[in-house]
Amino acid sequence: MTQLVRTLEDWVQNRSGLKGRLGFVPTMGALHQGHGTLIRRSVAENENTVVSVFVNPSQFGPNEDFDKYPRTLEDDLALAEKMGASFLFAPSVKDVYPQPWSTSIEVGEVSEGLCGQFRPGHFKGVATVVYRLFQMAGAERAYFGQKDLQQFFVIHRMVKNLGLLVQLEMVPTVRESDGLALSSRNRYLSGAEREVAPIIYRALESARRLCVEEGVRESTALLASALEILGRAPEIRLQYLELVSVPDLKPVRLVEGPAALVFAGHLGTTRLIDNVLITF
Ligand code: AMP
């Protein structure tokens, strides 16, 4: 049975009785199989797993979808249970941000490019809430998806810089059979947009193969090949397509070590992100 915990006080009491390692899966809810895979990994590697559901107001910009972000706690509890989580922790804003709240965490360079450029303040909101959630959860390990690659490396840097005693695990992106990365926001896509969306992964994956299998290392050639495929779907309004080094996410001209091809763009009103890792 997955226990639903709604207050920090109740969580602290539950936490204090736990033995063995605790795995933590922070989410904003509207859980799908991507989240499910994170939960399953944690359940396999720890004695207990807590999944948090918290739609964090401070990581949404003024014109973003905070109000309409899907909230599906009952279904979330059912999925958490199916995956074997011990707890679903859905705290209130006032438990997460004791008032008056005035503290924040800025991680610097790694949070400034890519999504950071298009979503000012987003990673400050993410780093701050994740710090606070880590501190509340008191977990030994925390699980994040590769789909939000920049988020992972922002948190990774924060954990390193602040010496937090939590081990981070990155879980590969879970996709639909046609390649579209699962996302809580996919439900906003119209039928026609949903049909177009898999081209994003096809473009990224074809450039990755060009690099890994055919030895093309120049970013200009790799990006041009991905752009050529993306260009077949003029409905997609590109925000960025970049080849960056891992883990510092700086643009590279030549692939010489671990890298990632990263994408963000809009399809209708829905913002989609995706990436592929390039490793040898
Ligand atoms: P969110 O609820 O969107 O904040 O996501 C919570 C966690 O689930 C983050 O670590 C995400 O990277 C991860 N996640 C979301 N979608 C996927 C996916 N398709 N595959 C793997 N992990 C995912």
Side-chain angles (χ1 to χ4, degrees), residues 25-39 51 53-57 59-80 82-83 114-120 122-123 125-126 144-152 171-208 223 225-242 260-277:
V25 182
T27 80
M28 296 206 301
L31 300 187
H32 50 63
Q33 206 42 56
H35 302 107
T37 304
L38 269 58
I39 299 170
V51 179
V53 169
F54 182 64
V55 185
N56 174 37
Q59 71 189 67
F60 288 79
N63 299 315
E64 292 183 354
D65 55 347
F66 175 72
D67 288 329
K68 73 164 190 165
Y69 198 83
R71 287 152 170 95
T72 60
L73 195 60
E74 247 176 62
D75 292 348
D76 294 347
L77 186 60
L79 185 75
K82 195 165 150 215
M83 297 300 146
L114 308 179
C115 290
Q117 227 180 311
F118 292 93
R119 303 185 72 188
H122 170 68
F123 287 117
V126 168
F144 292 88
Q146 181 197 324
K147 202 202 96 182
D148 298 273
L149 193 74
Q150 188 173 18
Q151 168 172 284
F152 179 84
V171 178
T173 303
V174 179
R175 301 179 179 281
E176 303 281 6
S177 55
D178 59 12
L180 176 64
L182 297 193
S183 163
S184 307
R185 290 187 170 103
N186 290 352
R187 68 187 71 199
Y188 303 152
L189 297 171
S190 69
E193 290 162 357
R194 174 63 188 80
E195 277 188 22
V196 166
I199 204 169
I200 297 166
Y201 179 61
R202 281 211 296 281
L204 295 174
E205 180 56 12
S206 118
R208 188 194 68 80
L223 294 173
S225 113
L227 280 172
E228 192 273 311
I229 296 176
L230 283 173
R232 297 176 204 165
E235 304 91 321
I236 295 176
R237 302 188 312 282
L238 187 65
Q239 270 192 338
Y240 63 75
L241 177 73
E242 286 192 46
L261 199 54
V262 287
F263 162 94
H266 285 91
L267 198 43
T269 54
T270 309
R271 185 173 184 275
L272 298 174
I273 58 171
D274 203 352
N275 69 83
V276 292
L277 288 172

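All values derive from a computational prediction rather than experimental measurement. Computation of the quantities below employed the complete heavy-atom set of this structure, encompassing side-chain atoms and omitting hydrogens, waters and symmetry-equivalent molecules.
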What are the two closest heavy atoms between [X] and [Y], and how far apart are they?
X    : Y    : value
L272 : I200 : CD1-CD1, 3.8 Å
F263 : L241 : CB-CD1, 4.2 Å
P172 : Q146 : CA-OE1, 3.7 Å
C115 : Y240 : SG-OH, 3.0 Å
L38  : G145 : CD2-N, 3.9 Å
A233 : V196 : CB-CG1, 3.6 Å

[Y] and [X], any side-chain heavy atoms less than 4.5 Å apart:
X    : Y    : value
L238 : L227 : yes
L223 : E228 : no
T27  : V51  : yes
P70  : R187 : yes

How long is the gap from [atom1] on [X] to [atom2] on [Y], to the nearest 0.5 Å?
X    : Y    : atom1 : atom2 : result
D75  : L31  : CG    : CG    : 9.0 Å
E195 : E235 : CD    : CD    : 10.5 Å
S184 : H35  : OG    : NE2   : 4.5 Å

Do side-chain atoms of [X] reach the backbone of [Y] as a donor and acceptor pair under 3.5 angstrom?
X    : Y    : result
H32  : G34  : yes
D76  : G29  : no
T173 : A181 : no
D274 : V262 : no
H122 : Q59  : yes
R232 : I199 : no

Report yes if the distance between the aromatic ring centroids of Y69 and F60 is under 6.0 Å, otherwise no.
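Yes; F60 has its ring centre under 6.0 Å from that of Y69.
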
For the pair R202 and E205, find out whether any cationic side-chain nitrogen is under 4.0 Å from an anionic carboxylate oxygen.
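No salt bridge links R202 with E205.
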
For side-chain contact (heavy atoms from CB on, under 4.5 Å), just list the numbers for Q33 and M83, CA-CA rounded to whole Å, side-chain angles, deciding distance to a tenth of an Å, and then say yes or no.
CA-CA 10 Å; Q33 206 42 56; M83 297 300 146; 3.5 Å; yes

Looking at E176, I want to see if its CD is surrounded by more than 12 non-hydrogen atoms of other residues, nucleotides or ligands under 6.0 Å.
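More than 12 within 6.0 Å, yes.
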
Could you walk me through whether V171 and F144 pass the side-chain contact (heavy atoms from CB on, under 4.5 Å) check?
CA-CA 6 Å; V171 178; F144 292 88; over 6 Å; no

Against R185, only a single residue in T269, D65, T270 fulfils side-chain hydrogen bond (donor to acceptor under 3.5 Å, both in side chains); can you say which?
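Of all the options given, the one that passes is D65.
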
Within 45° cone and under 6.0 Å: K147 NZ/CZ vs F152 ring:
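Output no; distance or angle outside limits.
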
Going by distance alone, is a donor N or O of one side chain under 3.5 Å from an acceptor N or O of the other, for D178 and Y201?
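No donor-acceptor contact under 3.5 Å links the two side chains.
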
With distance as the sole criterion, is a donor-acceptor pair present between the side chains of Q239 and R271 under 3.5 Å?
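Yes - a donor-acceptor pair under 3.5 Å links their side chains.
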
Using the rule given for side-chain contact (heavy atoms from CB on, under 4.5 Å), can you reason through F123 versus Q150, listing the C-alpha separation, both sets of side-chain angles and the distance that settles it, and then say yes or no?
CA-CA 9 Å; F123 287 117; Q150 188 173 18; 3.2 Å; yes

Kindly determine whether L114 and I273 satisfy side-chain contact (heavy atoms from CB on, under 4.5 Å), including the steps that lead there.
CA-CA 10 Å; L114 308 179; I273 58 171; over 6 Å; no

